[in-house]
2 protein chains.
Amino acid sequence: MNVQSETADKRKAILESTLELIRQYGLQGTPISLIAKNANVAAGTIYHYFQNKEAIISELYQMIREEMLAAMFMEENEGSDFRAQFFRGWTNLCRYFISHPGSLIFIQQYNSTPDFKSIKKKTNKIPGDKFSEFFQSGMDTGYLKKMEYNLVASVVFGAIIATAKYHISGRFDYTDGDLCKIATIIWDGIKLQ
Amino acid sequence: MNVQSETADKRKAILESTLELIRQYGLQGTPISLIAKNANVAAGTIYHYFQNKEAIISELYQMIREEMLAAMFMEENEGSDFRAQFFRGWTNLCRYFISHPGSLIFIQQYNSTPDFKSIKKKTNKIPGDKFSEFFQSGMDTGYLKKMEYNLVASVVFGAIIATAKYHISGRFDYTDGDLCKIATIIWDGIKLQ
DNA sequence: TGTTTCCGATTGAACGTTCATTCGGGGCGC
DNA sequence: GCGCCCCGAATGAACGTTCAATCGGAAACA
């Protein structure tokens, strides 16, 4: 096929194939054999690139977490006011999940699969802090009601997940305008009245 | 043990044991053998009461859905005004999940397990309508902003799930007062300003 | 009451399948 | 010919499900 090292390609193919299959069949519904077939690779080859199935899952988890952060803080946010930053951040993350359904499904399944709970702990702390700082700054500058971070988090992140899930499942269809409306609802709930 | 028919007890024990094990080990992490041991029953006995594993899961799903509805519309809501009805309904459902962690975990896993998606369709319609009517009446009587149901649903239900999940996972602790504060955030977001 | 018959409830070993992982070998670049 | 990449059949553990055998109490009969 290509000139460039196929080694990297195979590894990437395995990861992509795994994510795609998990989106379709779920975490426990995608055996190694299927991953191999879908990546045009023999089952044994997978064990050349990864220690075991869990290592694939783990690497996908790390990748997706980084993508999420990158998606949320995509553009320069420094210049604009707090409300605009919030809207951009919220809709960005929501759109990320909507346009990467595999990522949402993966994260949901990963989080509700007790086997993987132990590994998670390592990388848990950083994102929470970043978000919490953002909302704290909103309170300090008088944009937001004074309230604890965990209360805001429930509403803000809960709505992101729910919206993306509804959209992906086909239960509802959300246009860009709808996302803005939802962000407005949330904003009206958290802003200093 | 007891005088009363042990037949009914065994059936119930199997269901309860299954729910408890799923809470601990997840849906695919609880084999029939474990369910049997935990219910003090032989593996074969389970197949006397249920056609197969899926039938147990299915029955649990129906049970929990009914419990959810009952929890949300627990008290008489007819007399009070819309705002009070909303607060009671929201906190009731949230508290239900917090005090029945197995139910939340089960529902989450069930919804994200493609194998069971097909059976779900049968009972999907009724609850959505009930909720949608409730919010529609709020808009008609001038309590809520005019907006489509699916926009409200994302925020309201998203926050319930997220709050209960945070609480159960031990990430945050929510007191009754906290639940009220979250409900207030949401109310401020959806009410007619 | 004592004995026999009968039937649903219960058991757990056995079965067939599926899965993650291993292993021995084949081909290709150096 | 050595090392690396890759293959796919083989392996064994785990699982859902089946089934022939047993249990225990209720009904029938004496």
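Numbers restart at 1 for each chain; the letters A, B, ... are given by sequence-line order, proteins then strands.
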Between A/Gln28 (CD) and D/dG16 (P), how many Å, whole number?
12 Å
Measure the distance from CG on A/Asn40 to P on D/dC6 and round it to the nearest whole Å.
13 Å
note: A/Lys37, atom NZ; D/dC6, atom C1'; distance rounded to Å ~ 18 Å
Round to the nearest Å and state the distance from A/Ile46 atom CD1 to C/dT22 atom P.
13 Å
Minimum-distance nucleotide to B/Ala42 side chain [options: C/dT11, C/dT21, D/dG8]:
C/dT11
Among D/dC6, C/dA20, D/dG16, the one nearest any side-chain atom of B/Lys53 is D/dG16
Atom CD1 of A/Ile32 and atom P of D/dG8 are separated, to the nearest Å, by 16 Å
Of all the choices, C/dA20, D/dT17, C/dT11, which nucleotide is nearest to the side chain of B/Tyr47 once you look at every atom?
D/dT17
Write down the distance between CD1 (A/Ile35) and P (C/dT21), rounded to a whole number of angstrom.
10 Å
Pairwise distance CG(B/Leu93) to CD1(B/Ile160) - rounded to 0.5 angstrom:
4.0 Å
Salt-bridge test for B/Lys191 and A/Asp188: reply yes if a basic N is under 4.0 Å from a carboxylate O, no otherwise.
no
From the list D/dT17, D/dC15, D/dC5, which nucleotide is the closest neighbour of the side chain of A/Tyr49?
D/dC5
Rounded distance (Å) that lies between atom P of D/dT18 and atom CG of B/Asn52:
8 Å
Distance flag, aromatic centroids of B/Phe157 and B/Phe131, threshold under 6.0 Å:
yes
Among the nucleotides D/dG16, C/dT11, D/dC6, whichever has the atom closest to the side chain of A/Thr45 is D/dC6
Between C/dA9, C/dA20, D/dG16, which one does the side chain of B/His48 approach most closely?
C/dA9
Describe, in one word, how the ring planes of B/Tyr61 and B/Tyr110 are oriented to each other, choosing from parallel (under 30°), tilted (30 to 60°) and perpendicular (over 60°).
parallel
Stepwise side chain to side chain contact (heavy atoms under 4.5 Å, CB included) test for A/Leu151 and B/Phe172:
CA-CA 9 Å; A/Leu151 307 186; B/Phe172 299 129; over 6 Å; no
Taking OH from A/Tyr25 and C1' from C/dT18, how many angstroms apart are they, rounded to a whole number?
16 Å
Taking the side chain of A/Lys10 as its heavy atoms from C-beta onward, which of D/dC6, D/dG16, C/dA9 lies nearest to it?
D/dC6
